[in-house]
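Heads up: the structure comes next, in structure tokens.
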Amino acid sequence: CWQGYRRAMGDVLLFTDADTIHHPELLGRAVAELGRSGAGALSLVGVQLMESFWERLIQPQIFMAMLFRFPDMGRSLPPERWRDAVANGQYLLFRRDTYEALGGHERVKGAVVEDLRFAQILVEEGYGLAMRRAEKHLATRMYRSLAELVAGWSKNIIRGGIQTLPPALRPWMPITSMAATAALWLAPALVLFGTAGVHAWGAVAGGEPWAVAAATSTGALLTWSGAVVAASALFWMAVSYRFGAPARYGPLYPLGALMTVYIMGRAWHRMGRVEWKGRRYAVGMPE
């Protein structure tokens with residue numbers, strides 16, 4: 001990217017992933033929006049194409065987690081909220097003078113999640129960042145297999161999350177994220193399966209006193225967990241549909257949550273080692 005900038009001659013610089021699909025009108029619209037926004041850079045969020053089972057199961061969970069962390073993604077942020085800024089590296093459009101003033105890719109060469117770091121610098125130093133949705137004009141398929149999903153998100157998910165927090169909170173972020181995911185999406189499903197098993201066991205045992213006691217003691221828990229799992233399934237059906245995956249994947253959300261927790265744990269374990277597309281990097285903590 002840095003070498004490309006040094007050869008480019010335009011007043012506007014577009015950095016975009018090679019696997020993105022652009023509508024013919026996209027560039028013109030993006031340049032016009034950059035001018036209207038008055039920001040130093042514009043980043044677009046397109047549609048994420050998902051074609052395999054694991055993409056449709058895991059991607060919506062990751063995207064929803066990002067939406068929880070960055071609820072103000074489309075709003076202009078003041079400099080003091082620079083840790084809440086985020087950008088999509090699949091499409092970053094800079095004013096050339098802004099790119100040069102902040103130091104370009106040379107400045108973020110040590111960042112693994114460099115699009116996030118760019119967003120933070122733009123907001124913190126007052127250049128401004130505009131985030132816009134462009135689902136009808138920009139598309140990409142991020143990963144094509146479970147192995148690619150695990151490798152890609154292992155590279156970004158924990159390091160990106162830590163990068164948005166003050167140093168004092170960073171040691172707690174990985175375990176807190178995994179615990180919250182497990183508590184919200186795994187625990188009720190496990191309770192439901194466990195209590196349903198106890199009820200089934202009691203039914204097989206007939207009128208034995210211990211079977212009646214077990215069924216009575218777990219009845220309320222079965223009702224609660226069943227209601228929570230049903231509500232969660234409906235929630236994830238809506239989320240899946242919103243992000244472009246078939247709604248029928250929603251009820252499988254416990255499996256998606258389990259894989260998400262695994263990816264988080266793997267990323268945490270490999271914090272100082274990043275592997276991507278056959279290359280290995282030894283990296284320090286984010287700024």
Side-chain angles (χ1 to χ4, degrees), residues 16-23 26 29-30 42-75 84-92 113 115-116 119 129-161 164 177-178 180-182 184-186 188-189 228-264 267:
T16 186
D17 285 358
D19 58 359
T20 50
I21 303 168
H22 299 233
H23 188 281
L26 177 61
R29 288 174 175 264
L42 170 75
S43 186
L44 300 181
V45 178
V47 65
Q48 300 296 330
L49 304 176
M50 295 171 276
E51 299 182 14
S52 71
F53 172 83
W54 290 110
E55 290 172 89
R56 292 169 173 175
L57 185 66
I58 298 174
Q59 291 285 70
Q61 300 232 357
I62 301 291
F63 297 149
M64 197 64 208
M66 294 176 64
L67 198 58
F68 276 132
R69 175 58 188 88
F70 301 105
D72 300 322
M73 193 177 291
R75 299 180 184 177
D84 297 327
V86 64
N88 178 19
Q90 295 168 356
Y91 199 101
L92 271 171
V113 193
D115 50 359
L116 176 61
L129 170 68
M131 282 283 289
R132 300 290 186 267
R133 291 170 57 181
E135 285 97 337
K136 294 182 180 180
H137 294 83
L138 177 68
T140 189
R141 187 178 178 189
M142 294 179 65
Y143 307 116
R144 296 175 180 270
S145 67
L146 178 59
E148 287 189 8
L149 273 164
V150 171
W153 287 119
S154 293
K155 174 174 70 76
N156 290 334
I157 192 168
I158 293 296
R159 295 195 65 83
T164 69
S177 298
M178 289 187 287
T181 301
L184 282 171
W185 312 121
L186 288 178
V228 171
V229 169
S232 298
L234 290 173
F235 171 79
W236 284 109
M237 288 175 71
V239 170
S240 297
Y241 180 78
R242 165 63 185 83
F243 287 115
R248 65 177 181 272
Y249 283 80
L252 299 177
Y253 76 90
L255 178 58
L258 182 63
M259 290 304 303
T260 301
V261 170
Y262 167 73
I263 291 171
M264 289 178 179

Trp153: which residues meet the side-chain hydrogen bond (donor to acceptor under 3.5 Å, both in side chains) condition with it, sequence neighbours left out? Gln59
Would you confirm whether Thr20, through its side chain, and Thr140, through its main-chain N or O, come within 3.5 Å as a donor-acceptor pair? no
Side-chain (Asn88) to main-chain (Leu44) donor-acceptor, under 3.5 angstrom: yes
Could you pull out all donor-acceptor pairs under 3.5 Å where a side-chain atom in residues 242-263 meets a protein atom, sequence neighbours excluded?
from, atom 1, to, atom 2, distance (Å)
Thr260, OG1, Gly256, O, 2.8

Under the rule for side-chain hydrogen bond (donor to acceptor under 3.5 Å, both in side chains), what residues qualify as partners of Gln48, not counting sequence neighbours? Gln90
Residues which pass salt bridge (charged side-chain N to carboxylate O under 4.0 Å, His left out) with Arg29, listed by chain and number, not counting sequence neighbours: Glu25
Using the test side-chain contact (heavy atoms from CB on, under 4.5 Å), find all partners of Leu184 that sit at least two apart in sequence or belong to another chain. none
Salt bridge (charged side-chain N to carboxylate O under 4.0 Å, His left out) against Arg132, all qualifying residues, sequence neighbours excluded: Glu33
Using a 3.5 Å cut-off and no angle test, enumerate the donor-acceptor pairs between side-chain atoms of residues 66-74 and protein atoms at least two apart in sequence or in another chain.
from, atom 1, to, atom 2, distance (Å)
Arg69, NE, Thr164, OG1, 3.2
Arg69, NH1, Asp84, OD1, 3.2
Arg69, NH2, Arg83, O, 3.4
Arg69, NH2, Asp84, OD1, 3.2
Arg69, NH2, Thr164, O, 3.3
Arg69, NH2, Thr164, OG1, 3.3
Asp72, OD1, Arg75, NH1, 3.4
Asp72, OD2, Arg81, NH1, 3.4
Asp72, OD2, Arg81, NH2, 2.7

Residues that Ser154 engages under side-chain hydrogen bond (donor to acceptor under 3.5 Å, both in side chains), provided they are two or more places apart: Arg266
Arg144 with Glu51: basic N within carboxylate O range, under 4.0 Å: no
Among residues at least two apart in sequence or on other chains, which ones pass side-chain hydrogen bond (donor to acceptor under 3.5 Å, both in side chains) with Ser145? none
